[in-house]
Amino acid sequence: MPIQQEISGGRFWGGLSLRRKQVVWAWAFLAVPILFYALIRFYPTVEAFYLSTTNWNLFSKPGFVGLSNFQRLWADVVFWQVFRNTVLYLAIGTPVSLILAFTIAYHLDRVRFLHGFIRALYFLPFLTTAAAMAWVWRWFYQPVPIGMINDLLSSFGLPQQPFLRSTSQALPSVLAPAIWAGLGFQVVIFLAGLRAIPNTYYEAARIDGVSNLTILRRITIPLLKPTIIFLVVFSSIGFLRIFDQVYNMTSGDPGGPLNATKPLVLMIYQTAFSSFEMGYAAAQTVVLFLVLLAVSFLQLRLLRDR
Amino acid sequence: MRGFRGMLLGLLVSFGAVTGAAAQTVEIEYWQYVFDARIKAMNELIKRFEAANPNIKVKHTTFPYADYQTKIAAAVPAGQGPDVVQLFYGWLDNFVAAKFIQPLPRDAFPPAMIEKEFYPIVSAMKRDGEYYGLPTAVRSLALFYNKKLFQEAGLDPAKPPATIDELLDAAKKTTKRDAAGNMLSAGITLDFPGQDYHWWRETLLRQNGGAPYSDDNRKVTYDSEAGAKSLNWYADLQRVHKVGQVGFMDEGQAAFRAGRAAMTIDGSFRLGGFGAIKAFEWGVAELPAGADGKKANFASYWVNAITAKPTGEKLEAAKKFMAFVTTPEAMQLWLETVGELPARKAAAETEKNLNHPIYGPFLKALNYSHATVFVDEMGQRQVSLDMINRVLIQNQDAKASLADAAKAEQAILDKFYKK
């Protein structure tokens, strides 16, 4: 009798192939994290889109205002300054950090002596808290008598530089530690990519007597493409969302003198949690989301087609 | 749930009625942000209050400063949160506009009494004839000076500068530079993100005959002759006299603490930090008077207010608690525990307090202090920072920079009052 029951109750289940059964089980297990992920990730995203069309200020009920937050954004001088800064972080940060990381990895790959130790040295900053690092660099940039860089300049008889207190030098000054901090991660990924290229290609090239530069251009870089794509997209997103370094290096006047270093994320933070203009902040978030989406798509496409 | 709670309450009430119990305990909730000395002081006050009012219980809840306003804004509309709340005076308009707090009941806090007994700066808590909050303690600005550096420069350490001309003179004498002209020690710190933007707005500007805002606080009025004069005077400390430098030692208070600044302007809340200085002796003086002897200062404070939540018994309890934390007794305890100044004249201006070498100058300033009304504290602060940066970094003319700042700040005010 129990056997009979099992067969009739499991007719559907029994009719599935082993492979199908595995798929069903896989989905059953995946459903929980997917639901959870959707709830904590997509629901707030959708909510942000909705909030961007309201005038919610935390103190009153949100009222629908259509696209007026976006109109205000369009006319906001500070927003365009911030937008420009964000693009600069991306446009300088990504190529500089990638070229640096590749150069280091390329040479490190050939070093046998103390290889692991040097690699660890490069990786170390990546493990440090961004806030702590930012404060150390902030101290480097101070004027005489406590700033290390200015002390050095001054001892060579060179004029002191304002660094973080200048509207033109502040952004590169903030970017430098950000690049430095992320370098270790990129170097390690590049190293892994370099090691994954089969040695036979290089041996064949050497037998043919090809120059090092040609090997680099024709073999190494093309075969590193998946690594490069990953790092370009990953570090672009990182630079577009830069926050900790900026916030900690210019905490008295957040975003640097006259918004010289303010990135979009910091502007969103201030709009939302200092001025409590949640609707306006949500509109800025939507813009950031769209920029991130566009940049990622564009990069994936460009790098894939080549 | 509500039905069950109602039933329970009903039972309790009838039980109380039957047994004729006179004392029925009312619990009210009090919120403030996390700051150790304040929590300690408030716990002590609550202990004393509960001892005097055995039928009232006060629940004390604290939140980290960064989340504090957000928590209140989320809790109050949901009908939860505090009955009595502590808030920064600059947030008042937002809280009033959102109907988070109610006017202080006139029977317990008659406006005439408040005006007579509290320092005039509490008028910043008055809207349409009603007071919305009262402070236990207030803070003002003063000039901190390094007696050791004064002595080294041949100045009398017992005689701090009393006018802005004397201040400039002392700053010139105490500034130290190396052979290359790099500043090693500042005569006076220049720190607009610190307290200097208040010093400029409420002191220097007024000493030059100006005023920052119209009487109803709705119009920016610093874009004036006095504005330009005072801003130029401030900027000249760096541009012309080179007695200070923005960003020197990162922050003004850090430079002073390290003994690398002869003078700095800061608030009474800095007393704790400077109290740890061992390397030299420092003194406190009232902010230097203007050329014609005019004095002005900036005062700020945290207030206690009753939220819209309590009614009936709870409101009565909240009133009692509010009254208790604003008694002279509570203020003296606050001064001794937190180091902030009493908000009532009688409690503050005792012979002992006024002659105190450190509290004295801060207390004297309270009689001529102004509390700026903010509608968006951070936004308005940013306008000031941008204004001085344009002058000091981009060499913009003070007049033009003031005009830009006035326009930007007016937009913030208009946006708020339009609502």
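Below, read A as the first sequence line, B as the second, and so on, with proteins coming before strands; counting in each chain starts at 1.
For A:Asn55, the side chain to side chain donor-acceptor pair (under 3.5 Å) criterion is met by no residue, not counting sequence neighbours.
For a residue to count as touching a neighbouring chain, one of its non-hydrogen atoms must lie under 4.5 Å from one of that chain's; by this rule B:Phe100 touches chain A with the side chain only. Only the side chain of B:Arg381 comes within contact range of chain A, with heavy atoms under 4.5 Å apart.
Looking at heavy atoms from C-beta onward, A:Val144 lies out of side-chain contact with B:Met183 at the 4.5 angstrom threshold. You'll find the side chain of A:Glu277 reaches within 4.5 Å of the side chain of B:Lys415, heavy atoms only. By the 4.5 Å heavy-atom criterion applied to side chains, B:Asp376 and A:Phe276 are not counted as neighbours. Looking at A:Trp135 and B:Asp250, their side chains come closer than 4.5 Å, going by heavy atoms from C-beta outward. Side-chain contact between B:Gln245 and A:Pro143 is present, with heavy atoms from C-beta onward closer than 4.5 Å.
Across all non-hydrogen atoms, the minimal contact from A:Ser166 to B:Ile393 is CA-CG2, 4.4 Å. Nearest heavy-atom pair, A:Phe273 versus B:Thr70, reported as atom, atom and distance to 0.1 Å: CD2-OG1, 4.4 Å. Taking both residues in full, the closest heavy atoms of A:Gly252 and B:Leu385 are given as O-CD1, 3.9 Å, listed atom of the first, atom of the second, then distance.
Judged by distance alone, the side chains of B:Gln382 and A:Asn259 never bring a donor and an acceptor atom under 3.5 Å apart.
Within a 6.0 Å radius of CZ in A:Phe234, no more than 12 heavy atoms belonging to other residues, nucleotides or ligands are found. The number of heavy-atom neighbours closer than 6.0 Å to CZ of A:Arg241, taken from other residues, nucleotides and ligands shown, is 12 or below.
Here the OG1-CG distance, from A:Thr167 to B:Asn389, works out to 9.0 Å after rounding to the nearest 0.5 Å.
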